[in-house]
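Atom set for the values below is all heavy atoms of this structure, side chains included, hydrogens, waters and symmetry mates excluded.
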Amino acid sequence: MEESKKRFPSWIFYILTFILGLTLGALSLYLLEYTGTTTLIKQKTASESKDTDTQNTQKDSSTPTPATTSAYTGTYISGQLPTGWRIVEYTDNTGSDMLVGGTTYSGLVGLKIFNNNDVEMFRLKAVDGIGGTEGCETVYRFSDSDQAYLDHGNDWTLATGVVPSNVINLTTSTYTEYNLLGWEVRRVASDLYRNMNSNLPGFNPACGIDVHLKITNLAYNRQTPAGITSGNTYYMSISSTVDTTQLEELDGVLQSLSVN
């Protein structure tokens, strides 16, 4: 009788295979760490994550924000208005209280700016038939005002003999300066000062009758027996009803105004 062959137990084969797998895995991990491969993989993963975050950030930053102002285009004037603000142009006698009585007016006779609470912030109104002398009894001193202006006001020829007797000191006042319909102006609190049209250096606020300004490319019309004539003298002011917390917004509106 032949002797039966002894078989190798199968469970030992599985154990040896498992041990071999662990050994190969540990060896592979050692080689990866030794060569710095895992570090590179981590760096690449971190870099890809950072790039993704950067792309997301750039996308968010490019998202347009809602506009806080909108364009206004009227018959005579254009500008930029904060949300809820409005401009009203007046083309008849209701636009000004500085007109010749019994005369019919048209064109841009007046303009008002209202804020989002419908509070009047600014007014521009036609001036017609309002006379006066060139001399100023009161002048305004900024730190850069010229002494000749302080001595004579706007009476450069000294024809009237009016000598300023009252000087309003604005040298320490905080002001905002910008261009308004072609004129250099400074706002101190809720008061507007316009630089006079003279050859003097510095900022010399208009005084006396000169506070009425001429806007050469804007006009109102008057109906007279001789026909229709026009004028371009106006008076501008920040309203007494102004909301002082919105003065900076008003500055932006005023400097955006332009004649159509």
Side-chain angles (χ1 to χ4, degrees), residues 69-132 176 178-197 205-244 246-260:
T69 63
S70 58
Y72 165 81
T73 303
T75 303
Y76 300 95
I77 297 291
S78 295
Q80 293 289 325
L81 294 176
T83 302
W85 289 45
R86 63 190 180 96
I87 289 178
V88 178
E89 296 179 344
Y90 296 87
T91 58
D92 56 25
N93 291 45
T94 61
S96 177
D97 56 1
M98 305 178 74
L99 305 172
V100 175
T103 303
T104 300
Y105 289 85
S106 60
L108 186 66
V109 184
L111 176 147
K112 290 182 180 180
I113 298 174
F114 297 88
N115 70 2
N116 55 315
N117 293 317
D118 215 31
V119 174
E120 183 180 328
M121 301 287 286
F122 172 83
R123 182 169 188 177
L124 180 76
K125 54 186 178 181
V127 178
D128 194 33
I130 306 297
T176 304
Y178 46 89
N179 186 283
L180 171 55
L181 293 174
W183 292 96
E184 182 184 8
V185 300
R186 289 180 181 177
R187 178 183 61 77
V188 178
S190 57
D191 294 319
L192 282 176
Y193 299 92
R194 175 182 63 85
N195 196 14
M196 295 178 65
N197 185 17
C207 62
I209 194 175
D210 200 46
V211 297
H212 305 149
L213 67 153
K214 293 184 181 296
I215 304 177
T216 55
N217 53 348
L218 198 61
Y220 54 84
N221 303 314
R222 60 177 82 85
Q223 181 70 51
T224 68
I228 297 176
T229 59
S230 63
N232 61 354
T233 302
Y234 292 87
Y235 176 75
M236 62 181 179
S237 64
I238 294 176
S239 307
S240 58
T241 57
V242 66
D243 183 342
T244 56
Q246 295 180 311
L247 283 173
E248 290 187 2
E249 286 184 279
L250 178 62
D251 291 335
V253 176
L254 295 181
Q255 61 185 321
S256 76
L257 297 182
S258 61
V259 179
N260 295 342

Short side-chain to backbone donor-acceptor contact, [X] and [Y], under 3.5 Å:
{"X": "N117", "Y": "V119", "value": "no"}
{"X": "S256", "Y": "Q80", "value": "yes"}
{"X": "S96", "Y": "A126", "value": "yes"}
{"X": "E89", "Y": "T75", "value": "yes"}
{"X": "S230", "Y": "N221", "value": "no"}
{"X": "W183", "Y": "I215", "value": "no"}
{"X": "N232", "Y": "Y220", "value": "no"}

Give the minimum heavy-atom separation between [X] and [Y], together with the two atoms involved.
{"X": "V259", "Y": "N217", "value": "CG1-O, 3.3 Å"}
{"X": "G107", "Y": "Y76", "value": "CA-OH, 3.3 Å"}
{"X": "G129", "Y": "V100", "value": "CA-CG2, 3.7 Å"}
{"X": "N260", "Y": "G74", "value": "ND2-O, 2.6 Å"}
{"X": "V242", "Y": "S190", "value": "CG1-CB, 4.0 Å"}
{"X": "N93", "Y": "Y105", "value": "OD1-N, 2.9 Å"}

**Q.** Polar side chain donor-acceptor pair, Q246 to N116, under 3.5 angstrom
**A.** yes
**Q.** Distance-only polar pair, side chains of E120 and S239, donor-acceptor under 3.5 Å
**A.** yes
Is there a side-chain contact between [X] and [Y] (heavy atoms, below 4.5 Å)?
{"X": "H212", "Y": "M98", "value": "yes"}
{"X": "V185", "Y": "T176", "value": "no"}
{"X": "T91", "Y": "L108", "value": "no"}
{"X": "M236", "Y": "F122", "value": "yes"}
{"X": "V88", "Y": "L111", "value": "no"}
{"X": "T233", "Y": "D128", "value": "no"}
{"X": "L218", "Y": "I77", "value": "yes"}
{"X": "I238", "Y": "D191", "value": "no"}

Gap separating the [atom1] atom of [X] from the [atom2] atom of [Y], nearest 0.5 angstrom:
{"X": "R86", "Y": "K112", "atom1": "CZ", "atom2": "NZ", "answer": "9.5 Å"}
{"X": "L250", "Y": "L192", "atom1": "CG", "atom2": "CG", "answer": "7.5 Å"}
{"X": "L81", "Y": "I113", "atom1": "CG", "atom2": "CD1", "answer": "7.0 Å"}

Q. Excluding sequence neighbours, so at least two apart, what forms side-chain contact (heavy atoms from CB on, under 4.5 Å) with T94?
A. Y90, D92
Q. side-chain contact (heavy atoms from CB on, under 4.5 Å) with T229: which residues, sequence neighbours excluded?
A. R222, T224
Q.
side chain to side chain contact (heavy atoms under 4.5 Å, CB included), that's the test. Do E249 and W85 meet it? Break it down for me.
A. CA-CA 10 Å; E249 286 184 279; W85 289 45; 3.9 Å; yes
Partners meeting salt bridge (charged side-chain N to carboxylate O under 4.0 Å, His left out) with [X] (sequence neighbours left out):
{"X": "E184", "result": "none"}
{"X": "D251", "result": "R187"}
{"X": "R123", "result": "none"}

Q) Salt bridge check: are R194 and D210 linked by an N-O gap of less than 4.0 Å? A) yes
Q) Around atom CZ of F114, are there more than 12 heavy atoms of other residues, nucleotides or ligands at under 6.0 Å? A) yes
**Q.** Partners meeting side-chain hydrogen bond (donor to acceptor under 3.5 Å, both in side chains) with Y234 (sequence neighbours left out)
**A.** none
